Participant: 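There's a structure below that I have some questions on.
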Amino acid sequence: MKNQSFNRLVFFLVLIGLFFLFFLPPTDPDLGWHLRCGQSLWQQQKLCHQNSFSVLMENYSWPDARLFYQGFIFPFYKNLNLFGLSLANSLLLLGALFIWLGLTGQWKVKIAI
């Protein structure tokens, strides 16, 4: 019983540590572009298939695979600024970790030091 509670405590502390690790502000140099595409998606219901936000490669067309991510981050940034964006990214990555752990069935977190 004591070992199981210790394992849960370690698991909880690892999750808290990962939350704060993922909470770091994003360093993507294209963050402004992603936010503008998210804004276009939410406010104008337009997909970003052409480069209309920059001077280089104007009107260049491409398939955008990050459409849902851009639509996901814009409301957080609009309402809560950079803090909300960091919170959303942290929750998104922790959610992906829980889905991965649930699908693999390996809830024991192994820590490599």
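The structure presented is a predicted model; accordingly, all values stated were derived computationally and were not measured. What you see below is based on every heavy atom in this structure, not just the backbone, and it leaves out hydrogens, waters and symmetry mates.
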Participant: Any non-hydrogen side-chain atom of His34 less than 4.5 Å from a side-chain atom of Gln39?
Facilitator: no
Participant: For Leu91, enumerate each residue passing the side-chain contact (heavy atoms from CB on, under 4.5 Å) test, keeping only those at least two apart in sequence or located in another chain.
Facilitator: Phe19, Leu87
Participant: Less than 4.5 Å apart, any side-chain heavy atom of Leu97 and any of Leu15?
Facilitator: yes
Participant: Can you list every pair that meets side-chain hydrogen bond (donor to acceptor under 3.5 Å, both in side chains) and has a residue in residues 12-26, with sequence neighbours left out?
Facilitator: none
Participant: Tell me every residue that passes side-chain hydrogen bond (donor to acceptor under 3.5 Å, both in side chains) with Gln44, counting only those two or more places apart in sequence or in another chain.
Facilitator: none
Participant: Please say which of Phe23, Phe22, Phe98 ends up in a side-chain contact (heavy atoms from CB on, under 4.5 Å) with Leu93.
Facilitator: Phe22
Participant: For Leu82, which fellow cluster members are found when Ile, Leu, Val, Met, Phe, Trp and Tyr are connected by side-chain heavy-atom distances below 4.5 angstrom, either directly or through intermediates?
Facilitator: Leu31, Leu35, Tyr69, Phe72, Ile73, Phe76, Tyr77, Leu85, Leu92
Participant: Does Leu9 have any side-chain contact (heavy atoms from CB on, under 4.5 Å) partners at least two apart in sequence or in another chain, and if so, which?
Facilitator: Leu13
Participant: Other than Trp42, what residues sit in its cluster of Ile, Leu, Val, Met, Phe, Trp and Tyr side chains whose heavy atoms are under 4.5 Å apart, directly or through others?
Facilitator: Phe74
